[in-house]
Amino acid sequence: MSESLSQQVVDVYHSLVDASLRQTPFDGKSKRAFNAWQKRARRIVKKALGEMPTGKVDFELRRETVEETKSYLWERLFYTTRPGLQASAYLLTPKNTRLPAPGVLALHGHGREGKEGPVDPESIYHGFAWPFVEKGCVVLCPEQIGFNERAVPEGKVTYEVLVHGLNMLGHTLIGLRYWDLVRAFDLLQDMKTVDRSRIGVMGLSLGGEMTVFLSALQTRVKAACVAGYLTSHLNTFLDRPHCTCGHLRDLARHFEHVDLAALIAPRPLFLEAGREDPDFLYKDAQALVRDLRQVYNLHGLPRSHLGIHVHGGGHEIYGDKSVPWMVKRLNE
């Protein structure tokens with residue numbers, strides 16, 4: 001009897017998933033309907049992210065040279081994102097290229113390496129920041145809250161306390177990270193070495209998720225590449241144990257991943273998915289692209305504006321298709 005009572009809890013959960021999931025799907029019947037949906041959906045996403053700072057804050061930018069060669073300058077930056085909060089980042093500037101150049105935000109995911117990942121060829125990111133530099137892009141690799149230099153120090157306020165405490169106060173950790181990236185985008189856009197109208201965003205896992213939120217709400221983003229994230233809520237966060245990165249109140253109630261991706265449309269979007277990724281299923285990513293294609297067709301855009309590369313690896317960035325795609329979109 002106790003087993004059946006326990007199973008009832010799971011059964012009720014699944015019934016709630018079936019009844020509640022995706023109540024605000026994108027409307028692709030016409031451009032007018034789609035534009036109206038985007039406005040409404042962006043308001044919902046902003047509310048889910050929690051309260052945001054108001055007023056301007058100086059960057060108080062500090063720069064340190066990490067390495068300088070004949071082909072690039074590698075700097076470490078410190079800058080203010082909100083009162084009392086500083087972020088760190090790597091800035092990679094190519095030499096022997098025409099400036100101002102296109103810019104790229106290269107975003108790491110959930111892991112202790114933080115901003116080291118995008119510059120480390122031996123990591124799951126395969127140093128994807130460097131091919132952008134080789135192709136003449138200025139790359140900013142910001143460190144996200146909770147990792148490496150910005151890890152939560154040992155004490156009573158643990159990472160979990162931070163996540164749940166912010167939720168209780170009307171804020172979210174994803175919202176804090178989002179605002180950090182808004183400031184990172186502002187910083188990159190203000191640099192004289194960067195063409196402010198040609199900036200893209202690319203990230204893996206949590207970095208892919210943050211690429212989605214930043215690109216969805218900041219239409220300044222010219223192109224986005226999402227690796228190891230855009231698949232479905234149903235088969236990831238709602239279906240198995242997962243990190244807290246994807247849990248935002250009411251988000252799945254309104255949207256599936258395809259709807260979040262639709263907030264980037266009709267700007268260029270590219271997905272990377274690994275056949276061996278156990279958590280973000282490549283078949284879901286393929287289905288998402290098929291479903292979203294109607295929006296790009298609605299706007300009369302070429303197939304190159306929406307693409308996907310399914311590689312043979314796992315939860316990682318390959319970059320052999322996505323990086324050239326991004327560079328081409330930024331130079332169009």
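- Residues passing the salt bridge (charged side-chain N to carboxylate O under 4.0 Å, His left out) test with Asp11: none are found, sequence neighbours excluded.
- Taken from CG in Leu107 to CG in Leu206, the straight-line distance is 8.5 Å, to the nearest 0.5 Å.
- Ion pair Asp190/Arg196 flagged as a salt bridge, since at least one NZ, NE, NH1 or NH2 atom sits closer than 4.0 Å to an Asp/Glu carboxylate oxygen.
- You'll find the side chain of Val310 reaches within 4.5 Å of the side chain of Gln286, heavy atoms only.
- Between Ile199 and Leu330 the shortest heavy-atom distance is C-CD2, 3.8 Å.
- Here OG1 of Thr81 is found 11.0 Å from CG of Leu187. Values are rounded to the nearest 0.5 Å.
- Between Asp284 and Thr236, the closest side-chain pair of non-hydrogen atoms is not below 4.5 Å.
- Pairs passing the ring-ring contact (aromatic ring centres under 6.0 Å, His included) check and including a residue from residues 215-242, sequence neighbours excluded, read Tyr229-His257, Tyr229-Phe280, His233-His257, Phe237-His242, Phe237-His247, His242-Phe280.
- For the side chain to side chain contact (heavy atoms under 4.5 Å, CB included) test, residues two or more places apart in sequence or in another chain that qualify with Ile124 are Leu204, Glu316.
- Taking Arg63 as the reference, Leu61, Glu75, Leu77, Leu91 meet the side chain to side chain contact (heavy atoms under 4.5 Å, CB included) condition, with sequence neighbours excluded.
- A continuous path of ILVMFWY side-chain contacts below 4.5 Å connects Val258 to Leu260, so both sit in one hydrophobic cluster.
- Contact of the Val119 side chain with the Cys141 side chain is registered, since non-hydrogen atoms from C-beta on lie closer than 4.5 Å.
- Note that OG1 of Thr172 and CZ of Arg177 are 9.5 Å apart. Values are rounded to the nearest 0.5 Å.
- Applying the 6.0 Å contact sphere to CZ of Arg82 captures more than 12 heavy atoms from other residues, nucleotides or ligands.
- Cluster annotation: Leu230 and Val201 are assigned to the same hydrophobic cluster (Ile/Leu/Val/Met/Phe/Trp/Tyr, side-chain heavy-atom contacts under 4.5 Å, transitive).
- Residues Tyr282 and Gly274 come closest through the heavy atom pair CB-O, 3.8 Å.
- The main-chain N or O of Pro25 is never found under 3.5 Å from a side-chain atom of Glu256 such that the two would form a donor-acceptor pair.
- Closest heavy-atom contact between Leu288 and Ala261: CD2-CB, 4.1 Å.
- Shortest non-hydrogen contact noted between Leu263 and Ala41 is CD2-CB, 3.7 Å.
- Residues Gln7 and Val10 are in side-chain contact: their nearest non-hydrogen atoms beyond the backbone lie under 4.5 Å apart.
- Remark: the backbone N or O of His305 is not paired with any side-chain donor or acceptor of Arg329 at under 3.5 angstrom.
- Among residues at least two apart or in separate chains, ring-ring contact (aromatic ring centres under 6.0 Å, His included) pairs with a member in residues 29-61 are Phe34-Trp37, Phe34-His299.
- Closest heavy-atom contact between Val295 and Ala265: CG1-CB, 3.7 Å.
- Counting only residues at least two apart or in different chains, ring-ring contact (aromatic ring centres under 6.0 Å, His included) contacts with residues 60-102 comprise Tyr72-Trp130, Trp74-Tyr90, Trp74-Trp130.
- In this structure, the side chain to side chain donor-acceptor pair (under 3.5 Å) partners of Asp259, at least two apart in sequence or on a different chain, are Arg22.
- Within the structure, side-chain hydrogen bond (donor to acceptor under 3.5 Å, both in side chains) contacts touching residues 93-103 (residues at least two apart or in different chains) are Glu68-Lys95.
- Listed by first and then second residue, the side-chain hydrogen bond (donor to acceptor under 3.5 Å, both in side chains) pairs involving residues 198-220 are Tyr178-Gln218, Asp186-Arg220, Gln189-Arg220, Asp195-Arg198, Arg198-Asn331, Ser205-His315, Gln218-Arg220 (not counting sequence neighbours).
- Under a 3.5 Å cut-off, the side chain of Arg249 and the backbone N or O of Ala48 do not form any donor-acceptor pair.
- Put simply, the side chain of Arg183 gets close to the backbone of Thr80: a donor and an acceptor are under 3.5 Å apart.
- Annotation for Val161: hydrophobic cluster partners, listed by chain and number, are Val157 (ILVMFWY side-chain heavy atoms under 4.5 Å, direct or chained).
- In this structure, the side chain of Ser123 engages the main chain of Gly117 through a donor-acceptor pair within 3.5 Å.
- Counting side-chain heavy-atom gaps under 4.5 Å among Ile, Leu, Val, Met, Phe, Trp and Tyr, the cluster of Tyr13 also holds Val17, Leu21, Leu234, Leu238.
- By the salt bridge (charged side-chain N to carboxylate O under 4.0 Å, His left out) test, Glu64 is found to be paired with Arg62, Arg76, residues two or more places apart in sequence or in another chain being considered.
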